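From a predicted model like this one, the values you see are computed outputs, not experimental measurements. Here is how names work: the chains are called A, B, and so on, in the same order as the sequence lines, proteins then strands, and each is numbered from 1.
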Number of protein chains: 2
Amino acid sequence: MSSLPQEIAASSEQVFDHHGFAASGIDTLAHAAGVSTRTLYKHMGSKADLIAAALEARSARFFDQLAVTDVDGLFAALEQWVQTEGARGCFFLRAAGELSDDFPEALKVVTEYRRRLRTLVGELVNHTDPPHDDLLAEQILVLFEGATSVATYRGVEGITAARAAAASLVHQS
Amino acid sequence: MSSLPQEIAASSEQVFDHHGFAASGIDTLAHAAGVSTRTLYKHMGSKADLIAAALEARSARFFDQLAVTDVDGLFAALEQWVQTEGARGCFFLRAAGELSDDFPEALKVVTEYRRRLRTLVGELVNHTDPPHDDLLAEQILVLFEGATSVATYRGVEGITAARAAAASLVHQS
DNA sequence: CTCAATGTAAAACGAGCGTTGTACTCTTCA
DNA sequence: TGAAGAGTACAACGCTCGTTTTACATTGAG
């Protein structure tokens with residue numbers, strides 16, 4: 001049995017993902033979490049804090065899925081994610097677009113997510129045989145982000161295409 | 001001298017792009033357009049209609065920039081766009097994420113934009129020498145969307161990488 | 001000149017928002 | 001037993017929002 005703050009952050013992650021941040025009211029978020037608004041505020045402080053917590057929860061959950069050993073596994077994991085979670089575009093890009101400077105903590109989570117994703121891709125590319133440089137890492141990152149976006153309207157086909165493109169770029173000398 | 005509705009849609013496009021749809025109030029939008037709220041409503045009907053009009057304006061403006069003859073030109077045009085407009089992620093993806101079913105007209109514009117972008121990429125890939133198939137078109141689409149996303153935090157470097165990747169994929173048999 | 005069209009300013013409306021206060025119930029454990 | 005802690009329901013607060021109303025200014029054509 002996990003803690004209430006974690007449950008609230010987890011269910012809020014889903015509500016924000018499906019309806020956007022501004023459009024998700026506290027009452028809706030509290031009801032989705034199965035708690036009263038009073039309890040929600042006691043644990044989360046404010047809506048801004050709750051948004052940051054939801055982004056943290058998504059980041060942790062997403063990188064758990066991305067625990068892979070090679071570039072191809074990255075796209076396999078993304079395909080798996082989209083099949084179980086659906087595709088609505090990068091949660092963090094959407095957050096950055098919707099949230100202004102009034103949400104500095106949330107934006108910090110977005111920045112940290114991006115840094116971590118870039119680092120992960122860089123490591124995976126570095127462990128290919130033979131090792132590759134920064135250009136390939138940037139290209140894999142583009143394919144990953146592109147697959148995430150394209151999947152919103154072309155489904156897993158976009159991820160399949162990205163996966164094949166990544167393989168081509170990795171294996172060509 | 002262009003018409004008031006066009007001016008309102010154009011300036012609203014900028015406000016929505018920089019601050020999000022829900023966070024942009026009617027007063028802000030009217031002030032940015034240099035008109036009163038009364039005039040804004042007379043010409044645009046409602047905020048939902050204004051959002052749809054702003055998306056239409058962006059679509060027209062963006063595809064004007066994408067009047068190119070080959071795949072490489074596509075990424076050159078995107079690089080140019082980002083340098084003059086900045087990068088905040090795909091406007092249409094963000095709209096789809098923020099707007100619910102209460103905005104059917106806006107979502108129709110998003111769908112139409114995506115259909116048109118996919119068609120454009122398909123045509124450009126088909127006119128390569130030698131002509132290529134649907135897989136490459138999907139891959140170029142992924143690179144284009146990925147470059148748009150990655151540019152938000154890695155700048156034009158992401159577009160440069162995507163451009164090189166596209167060239168690799170096009171020229172390899 | 002006048003009238004219709006088109007614009008403005010400013011206030012008001014009802015609704016929903018994020019947030020807090022109050023009063024109550026239930027559990028737990030010393 | 002009884003006090004403390006943690007949760008609930010529910011109303012209220014001040015604020016902002018989208019939208020409409022009212023009253024007034026400007027302008028160009030017949």
Practice prompt. Report the distance from atom CE of Met44(A) to atom P of dG18(C), rounded to the nearest whole Å.
Written response: 15 Å
Discussion item. Measure CD1/Ile8(B) against P/dT6(C) and give the value in whole Å, please.
Written reply: 14 Å
Discussion item. With a 3.5 Å distance limit and no angle check, can you tell me whether His127(B) reaches the backbone of Thr69(B) through a side-chain donor-acceptor pair?
Written reply: no
Practice prompt. Return the value, rounded to whole Å, for the distance between atom NE2 of His43(B) and atom P of dA5(C).
Written response: 14 Å
Worksheet item: With sugar-phosphate meaning primed atoms plus P, OP1 and OP2, does Ser24(A) contact a base, only sugar-phosphate, or nothing at under 4.0 Å between heavy atoms?
Response: sugar-phosphate
Discussion item. Can you work out whether Thr28(A) or Lys42(B) has the more 5'-proximal nearest nucleotide on DNA chain C?
Written reply: Lys42(B)
Worksheet entry | Rounded interatomic separation in angstrom, taking CG from Leu4(A) and C1' from dG5(D) | 13 Å
Item to complete: Round to the nearest Å and state the distance from Ile26(B) atom CD1 to dG18(D) atom P.
Response: 5 Å
Fill in: Sole residue of Leu93(B), Thr148(B), Val150(B) in side-chain contact (heavy atoms from CB on, under 4.5 Å) with Leu93(A)
Leu93(B)
Worksheet entry | side-chain N/O Thr37(A) vs dG18(C) OP1/OP2, d < 4.0 Å | no
Item to complete: To the nearest Å, give me how far apart CG (Asp27(B)) and P (dC17(D)) are.
Response: 7 Å
Worksheet item: Looking at the side chain of Lys47(A), which of dA9(D), dG18(C), dT8(C) is the nearest nucleotide?
Response: dG18(C)
Discussion item. Is it the case that the side chain of Arg94(B) and the backbone of Arg88(B) share a donor-acceptor pair, with hydrogens and angles ignored and the cut-off at 3.5 Å?
Written reply: yes
Worksheet item: Is Arg58(B) positioned over the aromatic face of Phe92(B), cation under 6.0 angstrom from the ring centre and no more than 45 degrees off axis?
Response: no
Item to complete: Could you check whether Gly34(A) gets within reach of a base, just the sugar-phosphate, or nothing at all, counting any heavy atom under 4.0 Å?
Response: sugar-phosphate
Practice prompt. Taking the six-membered ring for Trp and the full ring for Phe, Tyr or His, determine whether the centres of Phe21(A) and Phe91(A) are under 6.0 Å apart.
Written response: yes
Fill in: Integer-rounded Å distance: dC17(D) P and Tyr41(B) OH
11 Å
Practice prompt. In whole angstrom, give the distance that lies between atom CG of Leu29(A) and atom P of dC17(C).
Written response: 10 Å
Practice prompt. Give a yes or no on whether a donor-acceptor pair under 3.5 Å exists between the nucleobase atoms of dG21(C), that is its base, and the side chain of Arg38(A).
Written response: yes
